[in-house]
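In what follows, a structure is listed as structure tokens, so that the remarks can point back to it.
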Amino acid sequence: MKKTIKDYQLENKKVIIRVDFNVPMKEGIITDDTRIKRAIPTIKYAIENGAKVILLSHLGKVKEESDLQKNDLYPVSIRLQELIEKEVFFSNKTRGKELEEKVSSLKKGEILLIQNTRYEDLIGKKESTCNEELAKYWASLGDIFINDAYGTCHRKHASNVGIANYLPSGIGFLVEEEINKIDGILEEDTHPFVVIMGGAKVHDKIKVIKNLIQKCDLLLIGGGMAYTFLAARNYPIGKSILDEESMEFCKEILSTYEEKIILPIDHLVSGSITSDKVSIKRICDTTELDMGFDIGPQTIQLFKEKLSSAKRVIINGPMGCFENPNYQEGTKEIYQYLTDNHIKTLVGGGDSAASVNQLSNPNKFYHISTGGGATLEYLEGTVLPGISVIDEKK
Ligand code: ADP
Ligand code: MG
């Protein structure tokens, strides 16, 4: 078990919290502040317990000079200030005198946000290569390090992994919740355990499939990913998305786990994603010009039957191109079935989480995991570097 923020005395301590403020921005305006909101419980806990809070986060990528202004964290400090209803100090520099003075003048219960950690990538990629000197420097600014940036836990950077080597460390509430929920559903011994996979490409999910297929009783495959599996079984797929390089993998997994894998039997097809001329076809009737964009009604029915006795479900990837109103039905119906029947369901993946918010009610799910890449790697069975570096409870 990892130490958490609750395992430390925070009174008058300089507590460095690595948060995930990598919010979407358009011309300096934050278009979605969910990530800021989700970091608040840990920040609040720290200030309520008398800490001097120092926040670190990355924002976007910094490769050239022009990326600096584009990925300036200052607007985030303003938004945080509004949300937390408390002054948030900001250091425009990631190191140096200005920053050090701001740190040393912090009083207990005050918050300082440091400029985008990836400003340190401009010369020598110091943040992203986990530069030792930088990690040590940031560690020298505080007494305790808390990692609450779940979305970057799969990366080994100076601000989340390097720094933890030089300070007593713990995880924040967000990371704690994510790992407890994911471990919880993976480790409980209830069956049938059904995994539903979808989304665009097989390639991105090979390791997840390899890991979960061993643990689950059934794997239902929809979305664009299904076509490479269907092609591997010699079904016609027309112009539907095919991931040629993963074909061998699909063949192999289909032959090893034949009885566990369920593929679509019908789908919604069209000549192009922009056309409104949509028809329902059985997979075996797919013509050369058809492109499949959603699972069909018979597949929805089949998947519901397979889910009827499920005790726990993990979903990764939508069943169709849900961004297009013509192709939302499959994803929506599956969510509805799971929530109506109170089936314990964990949803992982950035687009999957977005599809739940759009088509269903996120509160009705056991957990919606927000860390796209981090969650995928966790589901692959990988030990995330941002978590493994944290001190263990004694
Ligand atoms: P997640 O982010 O949840 O891991 P992915 O990124 O793997 O999910 O996949 C999401 C994308 O898959 C969506 O943008 C969706 O439009 C696309 N997708 C789903 N079904 C299809 C399909 N039949 N053909 C092409 N793309 C699809
Ligand atoms: Mg995605």
Side-chain angles (χ1 to χ4, degrees), residues 22 24 32 34 150-151 154 178 182 195-209 211-212 219-231 235-244 246 249-250 263-275 278-281 283 286 289-297 299-300 303 313-335 338 345-360 362 365 367-380 382:
N22 184 31
D32 180 354
T34 311
Y150 176 68
H154 59 312
E178 287 280 5
I182 301 175
V195 173
I196 308 174
M197 304 262 320
K201 281 170 72 190
V202 183
H203 184 75
D204 306 336
K205 314 259 165 106
I206 287 184
K207 290 188 196 150
V208 180
I209 298 173
N211 185 36
L212 295 182
L219 172 62
L220 315 182
I221 302 178
M225 175 189 290
Y227 293 102
T228 309
F229 282 90
L230 288 165
Y235 281 101
I237 63 160
K239 289 196 295 169
S240 309
I241 186 171
L242 176 70
D243 180 3
E244 192 81 59
S246 304
F249 165 78
C250 292
L263 298 178
I265 48 179
D266 65 344
H267 56 168
L268 300 193
V269 301
S270 186
S272 83
I273 187 77
T274 47
S275 161
V278 181
S279 43
I280 303 171
K281 283 195 183 170
I283 298 291
T286 308
L289 293 177
D290 289 332
M291 295 175 92
F293 294 119
D294 197 5
I295 54 173
T299 306
I300 294 173
F303 283 8
V313 170
I314 292 181
I315 303 193
N316 177 247
M319 296 292 98
C321 295
F322 73 97
E323 298 91 343
N324 183 322
N326 289 332
Y327 307 113
Q328 295 176 340
E329 212 52 29
T331 309
K332 194 172 165 178
E333 287 261 344
I334 298 300
Y335 291 159
L338 292 163
T345 303
L346 179 133
V347 182
D351 293 293
S352 307
S355 70
V356 169
N357 289 326
Q358 194 183 323
L359 307 172
S360 185
F365 290 79
H367 186 57
I368 313 286
S369 183
T370 50
T375 301
L376 275 190
E377 290 196 22
Y378 209 102
L379 293 175
E380 288 167 6
T382 309

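For ligands, and for the atoms within them, numbers begin at 1 and follow the listed sequence.
- From Thr286, atom OG1 reaches atom OH of Tyr227 across 7.0 Å, with rounding to the nearest 0.5 Å.
- Annotation: ligand 1 has protein neighbours Gly199, Ala200, Lys205, Gly223, Gly224, Tyr227, Ile241, Gly292, Phe293, Asn316, Gly317, Pro318, Gly320, Cys321, Glu323, Gly348, Gly349, Gly350, Asp351, Ser352, each with a heavy atom less than 4.0 angstrom from the ligand.
- For Tyr327, the ring pair (Phe, Tyr, Trp, His ring centres under 6.0 Å) criterion is met by Phe293, not counting sequence neighbours.
- Contact record, Cys250 with Thr228: SG-CG2, 3.8 Å, taken as the closest heavy-atom pair.
- Without hydrogens or angle criteria, Asp243 side chain to His203 main chain gives a donor-acceptor distance under 3.5 Å.
- Residues forming a side chain to side chain contact (heavy atoms under 4.5 Å, CB included) with Leu376 (at least two apart in sequence, or on another chain): Lys205, Val208, Asn316.
- The Mg ion (ligand 2) has Asp351 OD2 as its protein N, O or S neighbours under 2.8 Å.
- Partner of Tyr335 under the side-chain hydrogen bond (donor to acceptor under 3.5 Å, both in side chains) criterion, chosen from Ser360, Ser355, Ser352: Ser355.
- Remark: Ile273 CD1 to Glu323 CD distance equals 8.0 Å, nearest 0.5 Å.
- Phe249 and Phe229 have perpendicular rings, their planes meeting at more than 60° on a 0 to 90° scale where under 30° would count as parallel.
- Separation of atoms OG1 (Thr331) and CD1 (Ile300) is listed at 8.5 Å; rounding is to 0.5 Å.
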